[in-house]
Amino acid sequence: QKEVEQNSGPLSVPEGAIASLNCTYSDRGSQSFFWYRQYSGKSPELIMFIYSNGDKEDGRFTAQLNKASQYVSLLIRDSQPSDSATYLCAVNRDDYKLSFGAGTTVTVRA
Amino acid sequence: KAGVTQTPRYLIKTRGQQVTLSCSPISGHRSVSWYQQTPGQGLQFLFEYFSETQRNKGNFPGRFSGRQFSNSRSEMNVSTLELGDSALYLCASSLGDRREEQYFGPGTRLTVT
């Protein structure tokens, strides 16, 4: 079983719609959870982090964490063409190391 | 505040050679982590340094090594390069707490021929 799994994608959404990205993790001891955005040919850019169960909103992005279900998600509201990228879920097991999912590629259709 | 910087940005080496990559963290950040990104394996953790000490290491062969200097700058070295070492090598910095967010540099694209 992989440490971090993401919905495989690619995910195509029309401009203005909500993009929903899912991530599950295997280690119940995981403490902190991150979403990174990576444009083709660029390095990952941190867009959201969440430590506690529940929702965390930042602009058009909402991260949701459910530790009991070992599940973390990212919602992108009012999707824009500039949101087209690969989104990486990362989990920290409290050991200075990030474990990454394979990523979900999102395409926003104008 | 300036971001994480990595040098060089691109590198072409021959099998059997060795290479040294450099990373300067965000000012005030004392932790530096290194990751390898390939299309097949995704992003994989190499090692993490804080105050010149390695605190965690990933599952990579001993050919991969690193160090950190007193000014928090870090280097990683790969000896006896193999074709499979071709990858994007990413450095990330953070303040140093075990749970907090990490910020990535632009990466060094290494091609081994």
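Residue numbers start from 1 in every chain, and the chains themselves are labelled A, B, ... in the order their sequence lines are given, proteins ahead of strands.
Interface residues of residues 96-107 of chain A toward chain B, defined by a heavy-atom distance below 4.5 Å and sorted by number: A:Tyr96, A:Lys97, A:Leu98, A:Phe100. For a heavy-atom cut-off of 4.5 Å, chain B lies close to A:Gln31, A:Ser32, A:Phe34, A:Tyr36, A:Gln38 in residues 24-39 of chain A. Of all residues in residues 54-65 of chain A, none places a non-hydrogen atom less than 4.5 angstrom from a non-hydrogen atom of chain B.
Of the residues listed (B:Phe104, B:Tyr103, B:Tyr35), the one engaging A:Pro44 in a side chain to side chain contact (heavy atoms under 4.5 Å, CB included) is B:Phe104, and it is the only one.
What you find for A:Leu46 and B:Glu101 is that their closest heavy atoms are CD2-CB, 3.4 Å.
Hydrophobic clustering (ILVMFWY, side-chain heavy atoms < 4.5 Å, transitive): B:Leu83 and B:Phe64 are in one cluster. When hydrophobic clusters are built by joining Ile, Leu, Val, Met, Phe, Trp and Tyr residues whose side-chain heavy atoms come closer than 4.5 Å, directly or via intermediates, A:Leu75 is not grouped with A:Val108. Hydrophobic clustering (ILVMFWY, side-chain heavy atoms < 4.5 Å, transitive): A:Leu74 and A:Tyr51 are in distinct clusters. Hydrophobic clustering (ILVMFWY, side-chain heavy atoms < 4.5 Å, transitive): B:Leu88 and B:Phe60 are in distinct clusters. Following chains of ILVMFWY side-chain contacts shorter than 4.5 Å, one cannot reach B:Val78 starting from B:Leu90, and the two form parts of different hydrophobic clusters.
With chain A as the partner, the residue from B:Pro106, B:Gly107, B:Gly42 showing the most heavy-atom pairs under 4.5 Å is B:Pro106.
In the displayed structure, A:Lys2 atom NZ is contacted under 6.0 Å by at most 12 heavy atoms of other residues, nucleotides or ligands. Atom CG of B:Leu95 has more than 12 heavy atoms from other residues, nucleotides or ligands within 6.0 Å. Other residues, nucleotides and ligands contribute at most 12 non-hydrogen atoms within 6.0 Å of the CG atom of B:Asn59.
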Listed pairs under 3.5 Å, donor-acceptor, residues 13-26 of chain B side chains, sequence neighbours left out:
from    : atom 1 : to      : atom 2 : distance (Å)
B:Gln17 : OE1    : B:Thr14 : N      : 2.8
B:Thr20 : OG1    : B:Asn77 : ND2    : 2.9
B:Ser22 : OG     : B:Arg73 : NH1    : 2.9

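For B:Leu43, the parts sitting under 4.5 Å from any heavy atom of chain A are the backbone and the side chain alike. With a threshold of 4.5 angstrom between heavy atoms, B:Glu48 approaches chain A through side-chain atoms but not through N, CA, C or O. Neither the backbone nor the side chain of B:Gln41 comes within contact range of chain A; no heavy atom of the residue lies under 4.5 Å from a heavy atom of that chain.
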